[in-house]
Amino acid sequence: MRRMGRANRRGPGKGRGAVAGAWLDVPARGVPDVLEETKGGQMTEPDLFAETTVTVDRSALESAANCPMQMRLKRESPNVAGNAAAIGQEAHDAISRTISDYIEATDGGEIWRAGEVHERLVQHVQNSRPDVQPEACEALKAAAYAIARTIAATDPDNILKFDGGDGDRSGMVAWEPFEGFTVATELDLCRATESKQVLDIDDWKSGWGHWTTSDVARSFQFTTQAVCAFHVFHEVQEINVRVWNLRHGYPLQPVQFYRRRLEQYQARVRAAVDVWTRYDSCDLADVPCWPTVEKCRICDCAARCPAASHDFGADPRDWLRGLIAANAKAEALTEALKGAVAANGGRPIVTPDGDCFGKYGAEKPRETWKVKPAVEP
Ligand code: SF4
């Protein structure tokens with residue numbers, strides 16, 4: 001995230017509907033109230049952002065829209081994703097370098113078919129960072145040939161943008177919702193089609209999760225990409241987003257985003273900008289948590305989330321939110337402890353009181369991870 005200025009930001013509790021100092025400033029119906037304000041595609045206070053020079057990337061905005069506390073915790077420890085992020089980066093880099101090589105070779109008069117592209121892709125992924133190279137190769141293995149076929153079937157002139165591309169072919173696209181405030185996101189591969197009104201975007205997903213077309217249609221990431229791409233390519237009326245579940249070896253059916261719905265997409269992004277702006281620079285103690293089962297179970301910051309340890313007051317719905325965050329925190333700490341046991345040569349982690357965490361039951365068909373109290377009941 002590039003942050004080039006901090007002028008004219010609202011503090012916590014100064015935004016509409018916010019409660020100063022509230023740990024759980026959960027909007028009505030679980031949706032940020034700013035959505036109501038931006039339905040017409042027009043913020044009511046555009047002057048709040050005047051004379052700022054701020055660029056925020058899509059992932060920071062997405063975190064803000066999910067949960068302001070997640071946005072702040074991620075920013076303060078950006079490497080929490082660990083190896084998974086590094087593996088994804090290496091897989092993406094291998095594809096980017098292959099596309100660059102393909103364009104250069106084809107511009108130089110060579111003819112590269114899928115076999116040549118595949119060979120180059122394998123070379124690049126094998127040259128990944130040594131600490132994650134086996135996993136990066138594994139992540140690309142199933143889809144490598146299908147990706148190679150897609151690249152080889154595309155005229156280089158139709159490759160408009162890609163992650164790692166130079167100059168006009170840079171994958172970065174941006175949109176300015178307000179003067180001086182820019183939302184930026186990167187396209188993995190953006191290709192022209194036979195129609196000037198239709199654009200194809202491919203996106204590589206290297207994780208173990210399985211995306212569906214419904215996920216794509218609802219995704220904040222692709223809504224933001226559509227907003228930025230429509231801004232850059234004025235003639236385009238329709239964007240086909242095709243997500244590749246790399247580990248499963250195939251792309252999903254494309255999902256369409258339409259210019260006629262641009263106002264709706266922009267309103268969603270503006271709503272996230274509003275949340276980001278409200279909580280970007282205030283005291284951490286004033287940043288609200290918005291726990292839900294869906295968000296907390298995949299939150300990278302669950303181990304450090306304060307929502308699990310707050311004074312929950314008298315409302316049972318707040319107890320439930322606290323429990324959701326506490327469960328997510330317990331799962332995150334368990335995963336971290338598994339890593340600590342591995343780093344400890346497989347030996348359990350033991351407190352001075354004798355309580356332990358380790359892998360027990362090797363003699364049984366299924367080994368289990370658990371906490372063993374110092375004195376077994
Ligand atoms: S665990 Fe839940 S409440 Fe806590 S930061 Fe993550 S998403 Fe927000």
Side-chain angles (χ1 to χ4, degrees), residues 1 3 10-13 15 17-35 56-85 88 207-209 211 215 218-221 223-224 268-269 271-340:
M1 179 179 68
R3 303 168 66 244
R10 277 177 288 177
V19 180
W23 76 278
L24 259 175
D25 176 20
V26 181
R29 303 183 305 281
V31 178
D33 58 351
V34 287
L35 282 175
V56 183
D57 72 22
R58 182 271 311 166
S59 70
L61 275 188
E62 186 164 6
S63 291
N66 268 342
C67 170
M69 180 59 75
Q70 183 188 72
M71 179 263 286
R72 287 292 297 269
L73 293 177
K74 268 190 176 177
R75 195 178 73 209
E76 270 140 51
S77 295
N79 295 324
V80 287
N83 268 7
W208 287 103
W211 279 68
D215 295 333
R218 288 196 308 257
S219 138
F220 184 85
Q221 174 185 356
T223 300
T224 309
R268 187 178 182 192
V269 177
V273 169
D274 192 87
V275 177
W276 186 93
T277 306
R278 194 180 300 176
Y279 298 112
D280 168 58
S281 55
C282 63
D283 273 359
L284 201 59
D286 293 325
V287 177
C289 305
W290 292 346
T292 69
V293 173
E294 194 180 356
K295 292 181 219 168
C296 297
R297 75 184 160 79
I298 54 168
C299 176
D300 293 335
C301 310
R304 292 170 294 135
C305 175
S309 53
H310 208 274
D311 174 5
F312 299 119
D315 186 341
R317 290 172 301 182
D318 284 349
W319 307 347
L320 173 57
R321 292 182 184 116
L323 179 63
I324 289 166
N327 284 340
K329 188 168 197 158
E331 280 179 28
L333 287 172
T334 301
E335 289 305 311
L337 275 167
K338 287 180 187 176

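Read the numbers this way: they start at 1 and go in the same order the structure lists the ligands and their atoms.
Tally of protein N, O or S atoms closer to atom 4 (Fe) of ligand 1 than 2.8 Å: 1.
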Report all side-chain donor-acceptor pairs from residues 58-67 shorter than 3.5 Å, counting only partners two or more places apart or in another chain.
residue: Arg58; atom: NH1; partner: Glu62; partner atom: OE1; Å: 2.6
residue: Ser59; atom: OG; partner: Asp57; partner atom: OD1; Å: 3.2
residue: Ser63; atom: OG; partner: Ser59; partner atom: O; Å: 3.3
residue: Ser63; atom: OG; partner: Lys74; partner atom: NZ; Å: 3.4
residue: Asn66; atom: ND2; partner: Gln70; partner atom: OE1; Å: 3.4

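Summarising the geometry, atom SG belonging to Cys299 is positioned 11.0 Å from atom NZ belonging to Lys329; distances are rounded to the nearest 0.5 Å. Residue Arg75 holds its CZ atom at 4.5 Å from CG of Asp280, rounded to the nearest 0.5 Å. Atoms OG1 and CZ, from Thr223 and Arg268 in turn, are 4.0 Å apart once rounded to the nearest 0.5 Å.
No side-chain heavy atom of Val275 sits less than 4.5 Å from a side-chain heavy atom of Met71. Side chains of Pro306 and Met69 form a contact here, defined as non-hydrogen atoms less than 4.5 Å apart.
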